[in-house]
Number of protein chains: 2
Amino acid sequence: MLRAIVKPHEALSRLRQNLLDPLVKKNVTISDIATQANVSKSTVSRVLNDTTPVHEDKRKAVLAAMKKMNFEPNVFARGLASGQSYTIGVVTQNFGSPIYDAISQGVVTGLADTTYSPIFADGQWQPDIGEAVVQTLIGRKVDGLIVIGSSLESSVLDRLKKTIPTVLVGWEVEGWEKQCLFIDNEQAARNATQHLIELGHTQIAHITGIATHQDSMRRLWGYRRALTAAGIEIDEDLIFEGRFDGNSGVLGVESFLMRGKRFTALFASNDATAFGARLALYRRGIRVPEDVSIVGFDNQSEAAFTTPPLTTVRQPAQEMGIAAAEVLLNLLHKKEFTVPKLETELVIRESTRLRGNP
Amino acid sequence: MLRAIVKPHEALSRLRQNLLDPLVKKNVTISDIATQANVSKSTVSRVLNDTTPVHEDKRKAVLAAMKKMNFEPNVFARGLASGQSYTIGVVTQNFGSPIYDAISQGVVTGLADTTYSPIFADGQWQPDIGEAVVQTLIGRKVDGLIVIGSSLESSVLDRLKKTIPTVLVGWEVEGWEKQCLFIDNEQAARNATQHLIELGHTQIAHITGIATHQDSMRRLWGYRRALTAAGIEIDEDLIFEGRFDGNSGVLGVESFLMRGKRFTALFASNDATAFGARLALYRRGIRVPEDVSIVGFDNQSEAAFTTPPLTTVRQPAQEMGIAAAEVLLNLLHKKEFTVPKLETELVIRESTRLRGNP
DNA sequence: CACAGCAGTGAAACCGGTTTCAATTAATTA
DNA sequence: TAATTAATTGAAACCGGTTTCACTGCTGTG
């Protein structure tokens, strides 16, 4: 016994819609499916979300109808009713920086084939912009947040923690152990410096990143620790405060040279800085690696093609992004999980070699 | 005469909500504002959207109430009712490529301070992925689309054209003149090659990008035109098919050298390729620019710090992104506008110089 | 002075889903 | 075989806005 369950007003509204705009492909709604499959809206919704058991026959009928009519649930209706948006907000420290872009790309990969989509926002290196941007994302009802780089102040973080599931990538924050992905910058920097020491260098310069930036501080710290551990006295004049960009590399080297500081090796806080440093040396006719060895950090794609190819620390950026997506997904589904340990790797290329005669 | 307009069920539901979850900051809705300002929901909505004139007194009352209660309209409810999402979908050719990232960044900038937010998706260089990704975005009810790079097939484009306001950036498509932003790749390539010719070079090699890619074809074409115009015969053996990456640069140069082809200058289809080429020359002990001059394309940030700094064609990537956002906004608001003309610029640095003795 | 026209407004329908609640039916237990 | 329990299911409320429609005063016109 078939029944045609059509509410008077629903039929009317659909009719009117079609009359007014006959060219528009009418949107298939859950009600259409219900009619087609001869069940109620409720049942269709149940099949859709798998919340309550539905008799196999009906389930099949519903699925068939959905397929046949090419049904796609309306995200707004769904969001309004359920409160979920299936959207993840991603705040990046800076759009266009190789390392943050790579992490972002990882997030995209990690979210592919899930029901969630990322929506990106750029913190532009400024915590207050970051805060505003988070606000916008929350206004857009994102289900979760991934914050790349130390783009927020701790007060904002505290608030976030009780507001919305959040994962931090690329920086370590106390109290966030379960939802925080980062590499051991200090150890990595130590390894990098150690590599130079093992090659016989003792006069090793360092150009830092943005001084207040966590990565920068830890890399500087690792550099110091390596030197100290090797019994090499730290010369503060061989440390230059940079800003993570090519220009800092140029300025740093210029500064050392103008002050007559001697050094046979240089550890740069990131690859961009290393590129700049390499250029400054080139300008002075100082050879790499014959006269000065250089180590960078990040292993951005260009590092393999500089002259000479740059020895650098590889960050598993892509993997971090993927892992961040996974952790957040687990958080959202309240599943148990452990935060993966992320390892860096020193990629030895041709910008470093045994120290020659001083 | 004040009236307390509170629907029984609304009051009840709010009460229950608060009882159940007293810690949760209850969401302020349009009804709350209506009650507070002593008007109807309709009026609040009118103030919110400025659709129908509202008496000044009431408007003020409503605005005051909204401010006082810190009201933010629910995007889902709004989207469901109005059909607008205030979201722009951005499909990029490839996440992580400097040039596309820069355009994306421009879009972000262009959309800042508007009511629209971008939501990004990565086409991963593959048209079919691009298509899927567009589908997802449409499923998310984006109000408009920005497609960066030639990431879609023309059949898909045709469909898009009648479905949703779309702007194309970084590629030219017939029939899309009013909503298409691109640079004159051919002219730019011609200028770049011309620059080499003016420096006295006649044996000028070229490494292309992905052969089927529009940018690549046009740059190749510009290269040919410049040579022909200068009366230089084109040597097909001096053209190598690359893939827009560093490795292509290495392979290209290796290929020329192994076949004993002589050249004193090289035009690379992009900077990444130029970097690779420069490395290959370095490996062979061939100097730049003394023995070989190199010109790249894109002016990505690293180009200024290579040894020597790379002469290259600057693309106004950021500006293109900004312009794309503007054009789309105008499209959405059905405003008149003209598509801005975007100019490239040859940035002459130190990788090119007068040809020495052959 | 009667009537058309317009600014302003509230009630209620509507957008398209989810979820609660009660009812129906089938299966299980005593 | 009667009573109880579990599995399914539909009706209706609800999410929070927008928009249509009808109605109230006022103003302008003849």
Side-chain angles (χ1 to χ4, degrees), chain A residues 3 5-17 20 26-35 37-59 61-62 66 69 71-86 139 141, chain B residues 3 5-17 20 26-35 37-59 61-62 66 69 71-86 139 141:
Chain A
R3 288 167 296 165
I5 313 173
V6 178
K7 307 290 172 52
H9 82 255
E10 282 185 3
L12 185 63
S13 112
R14 187 150 309 292
L15 182 65
R16 181 173 43 184
Q17 184 177 332
L20 286 180
K26 77 167 189 300
N27 281 316
V28 182
T29 75
I30 204 180
S31 301
D32 299 327
I33 301 298
T35 311
N38 227 295
V39 298
S40 70
K41 280 169 60 179
S42 323
T43 301
V44 177
S45 173
R46 286 174 188 128
V47 171
L48 207 51
N49 299 293
D50 210 24
T51 45
T52 308
V54 170
H55 192 84
E56 193 53 28
D57 294 353
K58 304 215 172 191
R59 148 173 268 107
V62 169
M66 296 204 296
M69 306 182 72
F71 169 77
E72 275 215 41
N74 179 305
V75 285
F76 294 138
R78 200 172 228 197
L80 181 57
S82 72
Q84 286 197 279
S85 65
Y86 295 100
K141 305 285 180 192
Chain B
R3 289 168 297 166
I5 313 172
V6 178
K7 307 290 173 51
H9 82 254
E10 281 185 3
L12 186 64
S13 110
R14 186 150 309 292
L15 182 65
R16 182 173 43 186
Q17 184 177 334
L20 287 180
K26 77 169 184 300
N27 280 316
V28 182
T29 76
I30 204 181
S31 301
D32 299 328
I33 301 297
T35 310
N38 227 296
V39 297
S40 70
K41 280 169 59 179
S42 325
T43 300
V44 177
S45 173
R46 285 173 188 128
V47 171
L48 207 50
N49 298 293
D50 209 23
T51 45
T52 308
V54 170
H55 192 85
E56 193 52 29
D57 293 354
K58 304 212 173 191
R59 148 173 269 107
V62 169
M66 295 204 296
M69 305 183 73
F71 169 77
E72 275 214 40
N74 179 304
V75 286
F76 294 137
R78 199 172 227 196
L80 180 57
S82 73
Q84 285 197 280
S85 65
Y86 295 99
K141 304 285 180 190

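So you know, we letter chains A, B, ... as the sequences are listed, proteins then strands, and number each from 1. Just so you know, these numbers use all the heavy atoms, side chains as well, and skip hydrogens, waters and symmetry mates.
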Locate the shortest heavy-atom distance separating A:Met69 from A:Val28; write the atom from each residue and the value. O-CG2, 3.3 Å
What is the distance from NZ of A:Lys58 to C1' of C:dT24, rounded to the nearest Å? 11 Å
Could you check how far CD1 of B:Ile33 sits from P of D:dT18, rounded to whole Å? 12 Å
Classify A:Thr43 by what it touches in the nucleic acid, base, sugar-phosphate, or nothing, heavy-atom distance under 4.0 Å. sugar-phosphate
Which listed nucleotide (C:dA12, C:dG16, D:dG16) is nearest to the side chain of B:Ser42? C:dA12
Once you round it to whole Å, what is the distance between P of C:dG16 and CZ of B:Phe76? 16 Å
I'd like to know if the side chain of B:Ser45 reaches the main chain of B:Lys41, judged simply by a donor and an acceptor atom lying under 3.5 Å from each other, with no hydrogens or angles considered. no
Residues A:Val54 and A:Arg46: closest non-hydrogen pair is CG2-CB, 3.7 Å
Verify the contact: side-chain N or O of A:Thr29 to OP1 or OP2 of C:dG16, cut-off strictly under 4.0 Å; return yes or no. no
Establish, with yes or no, whether the OP1 or OP2 oxygen of C:dT18 is under 4.0 angstrom from a side-chain nitrogen or oxygen of A:Ser45. yes
Taking only side-chain nitrogens and oxygens of A:Arg78, does any of them come within less than 4.0 Å of OP1 or OP2 of C:dT18? yes
Between atom CE in A:Met66 and atom C1' in C:dG16, what is the gap in whole Å? 15 Å
Under 4.0 Å, heavy atoms only, any strand: does A:Val54 hit a base, just the sugar-phosphate, or nothing? sugar-phosphate
With a 4.0 Å cutoff (strictly under), does any side-chain N or O of B:Lys41 reach OP1 or OP2 of D:dC15? no
By nearest nucleotide on DNA chain C, pick out whichever of A:Asn49 and B:Ala81 is the more 5' one. B:Ala81
For A:Lys141 against B:Val75, the heavy-atom pair lying closest together: CG-CG2, 3.6 Å
Quick one: B:Phe71 CZ to D:dG16 C1', roughly how many Å, whole number? 8 Å
Between C:dG8 (P) and B:Arg59 (CZ): distance, integer Å: 9 Å
Closest-nucleotide 5' rank along DNA chain D - winner of A:Leu80 and A:Pro53: A:Pro53
For A:Glu56 and D:dA7, give me the distance from atom CD to atom P, rounded to whole Å. 16 Å
Between C1' of D:dG17 and OH of B:Tyr86, the distance in whole Å: 12 Å
Just compare D:dT9, C:dG17, C:dG8 and give me whichever is closest to any side-chain atom of A:Ile30. C:dG17
Non-hydrogen side-chain atoms of A:Leu48 and A:Phe71 separated by less than 4.5 Å: yes
Ignoring backbone atoms, establish whether B:Arg46 has a side-chain N or O less than 4.0 Å from OP1 or OP2 of C:dT9. no
Whether A:Asn74 contacts C:dC15 is assessed here as follows: a side-chain N or O lying under 4.0 Å from the phosphate OP1 or OP2. Is that the case? no
Taking only the side-chain heavy atoms of A:Ser82 (C-beta and beyond), determine which of C:dT18, C:dT9, C:dA11 contains the nearest atom. C:dT18
Residue pair A:Val47 / A:Met66: nearest heavy atoms and the distance that separates them: CG1-CE, 4.4 Å
